[in-house]
J.: 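Please see the structure below; I have some questions.
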Amino acid sequence: MLIATWNVNSLRVRLPQLLDWLGQARPDIVGLQETKLVDGDFPEAELAAAGYHAVYVGQPTYNGVALLSRQAASDPLTALPGREHDPQQRFVAASYGALRVINVYVPNGSAVGSDKYVYKLAWLADLSRYLLAASAQSPKLLVMGDFNIAPTDLDVHDPAAWEGQVLVSPAERAAFVELVSLGLHDTFRHLNPQTQAFTWWDYRAAAFRRNQGLRIDHILATQPVLAASRACRVEIDLRRSERPSDHAPLVLELDPAAIV
DNA sequence: ATGGTAGCAGAGCTA
């Protein structure tokens, strides 16, 4: 059973790549971020033809998230509880049998100390508060997405250059530690304790060619799901493709027998 | 080098 998260940076532009990849890899559940589509423009028919159900929520121009699945979803939720009136669409959740999946696009934060940074930390505090309840209600829980946080210096190509910057600042890393402290384990790091791997490379300055990346996309899992986790890897080939997203997908392989 | 590129939208903002 394959679970994936991918910041597509425009689903309209990336749809052909997504459909190719769905056909080849056949992931069971996929969280998308930065779809940048209003709901009326969501490519539901194309995805259905590829064998995928979708739960999605978008807005004009920015943000937007979706959960795709080969099995139909139940109990969909399209706003972070407490932020139902926030116009920024960054949260979608659904259940697949006993597995609860939450897909998030955490705010970027722009620059440390900016209004957007304050919004990011407030959003993360609300997420943390909600996940405390959600993890109690759903023992088999996955929380995945673009967290816009590189948890440690191992997750940064040049820690000295990035020190104190947005995506790595102490307050952001503390917010990530708080999520993990709820019992939500970082599956990639658990399965690859020493591996340096990135999920995002800036479009600018030939960052991908020089492997100047950060690991900011994550799949967090409660203990029962962690115990069923066999492997977690970055699908770097999609970052190499023509007209790529600036993020590569992150894929978690689960033992399905442990999830039913 | 306070730049660089990509997407949306059609100039400037966001990342």
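Below, chains carry the letters A, B, ... as their sequence lines are ordered, and counting in each starts from 1.
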J.: Using the C1' atoms only, state how far B/dA1 lies from B/dG10, rounded to an integer number of Å.
T.: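 Comparing C1' positions in B/dG10 and B/dA1 gives a spacing of 29 Å.
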
J.: Respond yes when some side-chain nitrogen or oxygen of A/Ser110 is under 4.0 Å from OP1 or OP2 of B/dT14, and no when none is.
T.: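 Checking A/Ser110 against B/dT14: no side-chain N or O falls below 4.0 Å of OP1 or OP2.
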
J.: Could you pick out which residue, A/Asp146 or A/Val13, lies toward the 5' side of DNA chain B when each is mapped onto its nearest nucleotide?
T.: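 The residue whose closest nucleotide sits nearer the 5' end is A/Val13.
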
J.: Given atom CD of A/Gln165 and atom P of B/dT2, what is their separation to the nearest angstrom?
T.: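 Checked: the CD to P distance equals 15 Å.
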
J.: Can you tell me, in whole Å, how much space there is between the P of B/dA15 and that of B/dA9?
T.: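 Per the computed distance, 15 Å lies between those P atoms.
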
J.: Output yes when at least one side-chain N/O atom of A/Arg243 is less than 4.0 Å from OP1 or OP2 of B/dG7, else no.
T.: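 So the side chain of A/Arg243 is within the cut-off, an N or O lying under 4.0 Å from OP1 or OP2 of B/dG7.
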
J.: Once you round it to whole Å, what is the distance between C1' of B/dT14 and NZ of A/Lys120?
T.: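 It is 14 Å, rounded to the nearest whole Å.
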
J.: How far, in whole Å, is B/dA11 from B/dT2 if one measures between their P atoms?
T.: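 It works out to 27 Å between them.
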
J.: Do you see a donor-acceptor pair shorter than 3.5 Å between the side chains of A/Ser245 and A/Asn9?
T.: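 Result is no, nothing qualifies.
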
J.: Please compare A/Lys36 and A/Asp202 by the position of their nearest nucleotide in DNA chain B and report the one closer to 5'.
T.: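 By nearest-heavy-atom nucleotide position, the 5'-most residue is A/Asp202.
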
J.: Rounded to whole angstroms, how far apart are CD on A/Gln33 and P on B/dA15?
T.: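 Answer to the nearest Å: 14 Å.
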
J.: Out of B/dC8, B/dG4, B/dT14, which has the shortest distance to the side chain of A/Ser10?
T.: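 Nucleotide nearest to A/Ser10's side chain: B/dC8.
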
J.: How close or far is atom P of B/dA15 from atom CD of A/Gln88, stated in whole angstroms?
T.: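 Going from CD in A/Gln88 over to P in B/dA15 covers 8 Å.
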
J.: B/dT14 C1' sits how many Å from A/Asp246 CG, rounded?
T.: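 To the nearest whole Å, that distance equals 11 Å.
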
J.: Within 45° of the ring axis of A/Phe208 and under 6.0 Å from its six-membered ring centre, is that where the NZ or CZ of A/Arg239 lies?
T.: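 Ring-cation test returns yes.
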
J.: Rounded to whole Å, how long is the line connecting atom NE2 of A/His247 with atom C1' of B/dT14?
T.: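 Spelled out: NE2 on A/His247 to C1' on B/dT14 is 12 Å.
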
J.: Nearest whole Å is fine: how far is B/dC13 P from A/Asn108 CG?
T.: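 It is 16 Å, rounded to the nearest whole Å.
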
J.: Which of parallel (below 30°), tilted (30 to 60°) and perpendicular (above 60°) describes A/Phe147 and A/Phe176?
T.: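 Because their plane-to-plane angle is over 60°, the rings of A/Phe147 and A/Phe176 count as perpendicular.
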
J.: Output the rounded distance in Å from CD (A/Glu242) to C1' (B/dT5).
T.: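 The answer, rounded to whole Å, is 16 Å.
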
J.: Please evaluate residues A/Arg14 and A/Asp20 with respect to the criterion salt bridge (Lys or Arg N to Asp or Glu O under 4.0 Å), reporting the C-alpha separation (whole Å), side-chain torsions for both, the decisive distance (0.1 Å), and the verdict.
T.: CA-CA 10 Å; A/Arg14 235 61 69 189; A/Asp20 281 352; over 6 Å; no

J.: For atom C1', what is the distance between B/dG4 and B/dT14, given to the nearest Å?
T.: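 Per the computed distance, 15 Å lies between those C1' atoms.
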
J.: Return the orientation label for the A/His157 and A/Trp162 ring planes: parallel under 30°, perpendicular over 60°, tilted otherwise.
T.: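 Perpendicular: the ring planes of A/His157 and A/Trp162 meet at over 60°.
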
J.: Does A/Thr61 put a side-chain nitrogen or oxygen below 4.0 Å from OP1 or OP2 of B/dG7?
T.: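 Answer is no, no contact under 4.0 Å.
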
J.: When you measure from the side chain of A/Tyr203, which nucleotide among B/dA9, B/dA15, B/dA6 comes out closest?
T.: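 In terms of side-chain proximity for A/Tyr203, the closest of B/dA9, B/dA15, B/dA6 is B/dA6.
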
J.: So what does A/Tyr105 hit on the nucleic acid, given a heavy-atom distance under 4.0 Å: a base, only sugar-phosphate, or nothing?
T.: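 Result for A/Tyr105 = sugar-phosphate.
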
